[in-house]
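Note that the structure is a prediction, hence the values are computed from the model and not measured. Below, read A as the first sequence line, B as the second, and so on, with proteins coming before strands; counting in each chain starts at 1.
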Number of protein chains: 2
Amino acid sequence: MSEYLARVRQAGCRLTKARRAVIAYLQAHDEPQTAATVHRGLRGMRTDLASVYRTLELLERLGVVSRESDGKTAAYALADHHHHHIVCRGCHRKTCLPCALRLPSPRGFSAVQHQVVLTGVCASCAQSS
Amino acid sequence: MSEYLARVRQAGCRLTKARRAVIAYLQAHDEPQTAATVHRGLRGMRTDLASVYRTLELLERLGVVSRESDGKTAAYALADHHHHHIVCRGCHRKTCLPCALRLPSPRGFSAVQHQVVLTGVCASCAQSS
DNA sequence: CTATAATTGCAAACCATTCGCAATAGTCGT
DNA sequence: ACGACTATTGCGAATGGTTTGCAATTATAG
């Protein structure tokens, strides 16, 4: 049983097919995935989009996945697969960046995760303006 | 004319009442505001929520305001009023944090802004679980 | 193997955000 | 200050991601 499934179990939650499938899917994809993408990836089994949302929400609450949102659509990834992106404010294209952030844990908080969203203007957009 | 209004003008955009009002409202509020909140704050004048959204989008594109999203509702603040938050994954309460991030500008990008969203489990939620 | 409560699938509701379009109002040149 | 030109607005309606209620299903404890 994967470490992730174990954590679900430890939280007193059941190991259902849907949950296993969502976790497996995220393990196979490093880049953050939207709920819709995950759902599409599970189209072999009879799984509802709503259940995907519920599962992702559970996993986020447990700290197993992180949720990154560009304002409209949220994307989820295993908290392990951690890196960042810079989004061009012109063309909205994403570029991956390694995580270079080292922060002290804020007072009183535990299990701290972070999400960094960088925006800027990419070279080609800077030219065309 | 405020520095912000000047930047709108320099971008070749008109200084309308709605834009002045939105900027003024954000100047008066340090904490990130949702489009709905801004709109409510402008209820003296006949302003439409859609225009608030259009104005905020413009200001974001110009780099005057930053947009921070928790996945459902986006919040906007003047890029000046910059700090971060840590959100408890249990109770969802926010706590402000000073910005301690110093990053080199990623290759090829200019006018880089960042947004950091920290999540964790606050002391009282850690107890009750 | 059974009982029990957690989860799911489905469909409908929600709500933030966006879009089309005619009316309005900044700006620039005169 | 005036008029023309076009960006911007207000309004209403559409969109689309996300959530919810509920009956049927299914994982788990005993």
Whole-Å gap separating [atom2] ([N]) and [atom1] ([X]):
{"X": "B:Arg14", "N": "D:dA4", "atom1": "CZ", "atom2": "P", "result": "15 Å"}
{"X": "A:Lys17", "N": "C:dA6", "atom1": "NZ", "atom2": "C1'", "result": "16 Å"}
{"X": "A:Leu42", "N": "C:dG9", "atom1": "CG", "atom2": "C1'", "result": "14 Å"}
{"X": "A:Asp48", "N": "D:dT25", "atom1": "CG", "atom2": "C1'", "result": "14 Å"}
{"X": "B:Arg46", "N": "C:dA23", "atom1": "CZ", "atom2": "P", "result": "14 Å"}
{"X": "A:Leu15", "N": "C:dT8", "atom1": "CG", "atom2": "P", "result": "11 Å"}
{"X": "B:Leu56", "N": "D:dT8", "atom1": "CG", "atom2": "C1'", "result": "15 Å"}
{"X": "A:Tyr76", "N": "D:dG17", "atom1": "OH", "atom2": "P", "result": "13 Å"}

With a 4.0 Å cutoff (strictly under), does any side-chain N or O of [X] reach OP1 or OP2 of [N]?
{"X": "B:Arg9", "N": "C:dC28", "value": "yes"}
{"X": "B:Thr16", "N": "D:dT8", "value": "no"}
{"X": "B:Tyr53", "N": "C:dT17", "value": "yes"}

Practice task
Quick one: label B:Ala36 by what it contacts on the DNA or RNA (base, sugar-phosphate, nothing), any heavy atom closer than 4.0 Å.
Solution key: nothing

Practice task
Could you tell me whether B:Thr34 contacts a base, only the sugar-phosphate backbone, or nothing, with contacts defined as non-hydrogen atoms closer than 4.0 Å?
Solution key: nothing

Handout entry: Gap separating the CZ atom of B:Arg54 from the CD atom of B:Glu57, nearest 0.5 angstrom
Key =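 Rounded to the nearest 0.5 Å, the CZ-CD separation comes out at 10.0 Å.
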
Exercise for the section: Hey, could you give me the CG/CD distance between A:Leu56 and A:Gln33, rounded to the nearest 0.5 Å? Expected result: 10.5 Å

Practice task
State, yes or no, whether a side-chain contact exists between A:Val38 and A:Thr55 at a heavy-atom distance under 4.5 Å.
Solution key: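 No; the side chains remain at least 4.5 Å from each other.
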
Handout entry: Nearest to side-chain heavy atoms of A:Thr47, which nucleotide of C:dG9, D:dG10, C:dT7
Key =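 Of all the options, the side chain of A:Thr47 is nearest to C:dG9.
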
Problem - Residue mapping more 5' on DNA chain C - nearest nucleotide basis, B:Cys13 or B:Leu49 - result: B:Leu49

Practice task
Would you name the heavy atoms of B:Leu5 and B:Leu15 that are closest together and state the gap between them?
Solution key: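 Heavy atoms of B:Leu5 and B:Leu15 come nearest at O-CD2, 3.7 Å.
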
Handout entry: Closest contact, heavy atoms only, A:Leu26 versus A:Tyr76
Key =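 The answer is CD2-O, 3.7 Å.
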
Handout entry: No-H, no-angle donor-acceptor pair, B:Arg54 side chain to D:dG10 base, under 3.5 Å
Key =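 Such a pair exists between side chain and base.
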
